[in-house]
Amino acid sequence: MSDGYNFQQLKAEILSRSRAIDWETAKSEWYLVGISEAETPETCLCSHFPIIELCTIANRLTNIHVDVGNVCVKRFLGFRSDLIFASIKRIRADITKSVGADATVLFHERGIINAWEYGFQQSTMKKRNLTAKQLETRVTINRKILASIKRRGIQ
Ligand SMILES: [Zn+2]
């Protein structure tokens, strides 16, 4: 494998920060804390460089936090952070577009969008022809999401 993502190294780095000594158990000690965008390119725990889209993960037992890239977080936690970042890019390019389902769930879970907005997202996500009022609501939601990312991620 020479795709620049060294899974063996990722495993070793994660294991050294976990309490468990076997990989399968160690994996379940970790969860996603938040996502952010690096101002200057960073290096993933697997040694891949550069990464701009960062996923901060933490260990429930050791409370150690580390940043990894999209590819590793998907391999490691099965979490599709790439879809969240794709949503962010989409609304940054056009504020009248909608974020996808994965982003909607994550930003609601983190309290960026409230329960009502979460429901609104579900009923209007696929719609292209929104009323003026609906469009205004979508833009408000999008601005909140973008503002949370600017602050270097949702924590
Ligand atoms: Zn990596």
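Just the heavy atoms: all of them, side chains too, but no hydrogens, waters or symmetry mates, feed the values below.
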*asked:* Apply the hydrophobic cluster definition, ILVMFWY joined by side-chain contacts under 4.5 Å directly or through others, and give me every member besides Y118.
replied: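 Members alongside Y118: V105.
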
*When Ile, Leu, Val, Met, Phe, Trp and Tyr are grouped by side-chain heavy atoms lying under 4.5 Å apart, directly or through other members, which residues fall in the same group as F49?*
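Once heavy-atom contacts under 4.5 Å are chained together, F49 still belongs with nothing else.
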
Is [Y] close to [X] at the side-chain level, that is, under 4.5 Å between some pair of heavy atoms?
{"X": "L106", "Y": "L32", "value": "yes"}
{"X": "I145", "Y": "I91", "value": "yes"}
{"X": "V33", "Y": "H65", "value": "yes"}
{"X": "D67", "Y": "E42", "value": "yes"}

*For residues N6 and S47, is any side-chain donor paired with an opposing acceptor at under 3.5 Å?*
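Side-chain D/A pair, N6 to S47: absent.
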
_Cluster check I52, V71: I/L/V/M/F/W/Y, side chain < 4.5 angstrom_ =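 Result: no, two separate clusters.
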
_Within one Ile-Leu-Val-Met-Phe-Trp-Tyr cluster: L135 and I95, side-chain cutoff 4.5 Å_ =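 L135 and I95: separate clusters.
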
Is there any salt bridge (charged side-chain N to carboxylate O under 4.0 Å, His left out) pair reaching into [range], and which pairs are they, with sequence neighbours excluded?
{"range": "residues 94-105", "result": "D94-K97"}
{"range": "residues 51-64", "result": "E53-K89"}
{"range": "residues 6-25", "result": "E13-R17, E24-K27"}
{"range": "residues 113-136", "result": "E117-K144"}

*Taking the six-membered ring for Trp, are the ring centroids of W30 and F79 within less than 6.0 Å of each other?*
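Ring centres of F79 and W30 not closer than 6.0 Å.
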
_Going by side chain to side chain donor-acceptor pair (under 3.5 Å), name the residues that satisfy it together with N142, two or more places apart in sequence or in a different chain._
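Partners of N142 by the side chain to side chain donor-acceptor pair (under 3.5 Å) criterion come out as none, since no residue qualifies.
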
*Looking at residues at least two apart in the chain, or sitting in another chain, which of them share a side chain to side chain donor-acceptor pair (under 3.5 Å) with T124?*
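For T124, no residue satisfies side chain to side chain donor-acceptor pair (under 3.5 Å) once neighbours in sequence are set aside.
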
_M125 versus G100, closest heavy-atom pair with distance_ =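 Looking at all heavy atoms of both residues, the closest pair is SD-C, 3.9 Å.
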
*Residue list, salt bridge (Lys or Arg N to Asp or Glu O under 4.0 Å) with R90, at least two apart or on another chain*: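 If we apply the salt bridge (Lys or Arg N to Asp or Glu O under 4.0 Å) test to R90, skipping adjacent residues, there are no hits.
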
*Using atom types as modelled and distance alone, determine if a side-chain donor or acceptor of T25 lies under 3.5 Å from a backbone N or O of A20.*
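Flag not set: sc T25 to bb A20 has no pair under 3.5 Å.
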
*For F120, check ring pair (Phe, Tyr, Trp, His ring centres under 6.0 Å) against everything at least two apart and list the hits.*
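F120 satisfies ring pair (Phe, Tyr, Trp, His ring centres under 6.0 Å) with W116 once adjacent residues are dropped.
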
*Only counting residues at least two apart or in another chain, list the ones meeting side chain to side chain contact (heavy atoms under 4.5 Å, CB included) with S28.*
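Scan of S28 (side chain to side chain contact (heavy atoms under 4.5 Å, CB included), adjacent residues dropped) gives none.
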
*asked:* With ring-ring contact (aromatic ring centres under 6.0 Å, His included) as the rule and sequence neighbours excluded, what pairs involving residues 124-149 come up?
replied: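 Passing the test, one end in residues 124-149: no pairs.
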
_So, applying side chain to side chain contact (heavy atoms under 4.5 Å, CB included) with S81, which one of V73, L54, V68 is it?_
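With S81 as partner, side chain to side chain contact (heavy atoms under 4.5 Å, CB included) holds for just one option, V73.
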
